[in-house]
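To keep things clear, I will list the structure first and then write my remarks on it.
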Amino acid sequence: MKENYTLEERRIVMEIKEILQNQESQAAMKQLMSDEIMNLIHENMKPRDTIMAYYRCAIMEVETKFKVLNEQFSLEYDRNPIESIKSRTKSMESLAKSSRRNSS
């Protein structure tokens, strides 16, 4: 095999290597985006989505209870002790961080 390559030959070899790397990247991307992988991701997201739905429902339930209590109090005592009721939900990542922080 030839040891001394010309500048043009080196450039061609580099271009070929780059083309091969791009083709490998595209093949890997196709494999990652396959139906099998996408179904696996979707199935693994279901439990997380279910937990987050329960979490959002619990927040709404607490908010509703406060609104009912506020309305009952205003009817009975003719004043509203709760000025405003706002709620927010944290992301799954934020909940996990809080849980780790509070458990240690």
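Other members of the hydrophobic cluster containing Y77, listed by chain and number, are F73; membership follows side-chain contacts under 4.5 Å among ILVMFWY residues, whether direct or relayed. Chaining together hydrophobic side chains whose heavy atoms lie under 4.5 Å apart places I51 alongside M52, Y55, I59, M92, L95. Residues V62, F66, I85 make up the rest of the hydrophobic cluster containing I82, defined by ILVMFWY side-chain heavy atoms closer than 4.5 Å, directly or through other members. I12 belongs to a hydrophobic cluster whose remaining members, ordered by chain and number, are I16, L20; membership requires side-chain heavy atoms of ILVMFWY residues under 4.5 Å apart, directly or through intermediates.
Contacts classified as ring pair (Phe, Tyr, Trp, His ring centres under 6.0 Å) and involving residues 85-104 (residues at least two apart or in different chains) are not found. Within the structure, ring pair (Phe, Tyr, Trp, His ring centres under 6.0 Å) pairs that include any residue of residues 80-104 do not occur (at least two apart or interchain). Applying the side chain to side chain donor-acceptor pair (under 3.5 Å) rule to pairs touching residues 37-46 yields nothing, sequence neighbours excluded. Among residues at least two apart or in separate chains, there is no side chain to side chain donor-acceptor pair (under 3.5 Å) pair with a member in residues 18-28.
Applying the side chain to side chain donor-acceptor pair (under 3.5 Å) rule to E15 yields the partners R11; only residues at least two apart in sequence or on another chain are considered. A search for side chain to side chain donor-acceptor pair (under 3.5 Å) contacts involving E71 returns nothing, not counting sequence neighbours. Residues passing the side chain to side chain donor-acceptor pair (under 3.5 Å) test with R100: none are found, sequence neighbours excluded. With sequence neighbours left out, the ring pair (Phe, Tyr, Trp, His ring centres under 6.0 Å) criterion links Y54 to no other residue.
Residue L7 places its CG atom among 12 or fewer non-hydrogen atoms of other residues, nucleotides or ligands, all under 6.0 Å distant.
Rounded to the nearest 0.5 Å, atoms NZ (K67) and OG (S84) are 10.5 Å apart.
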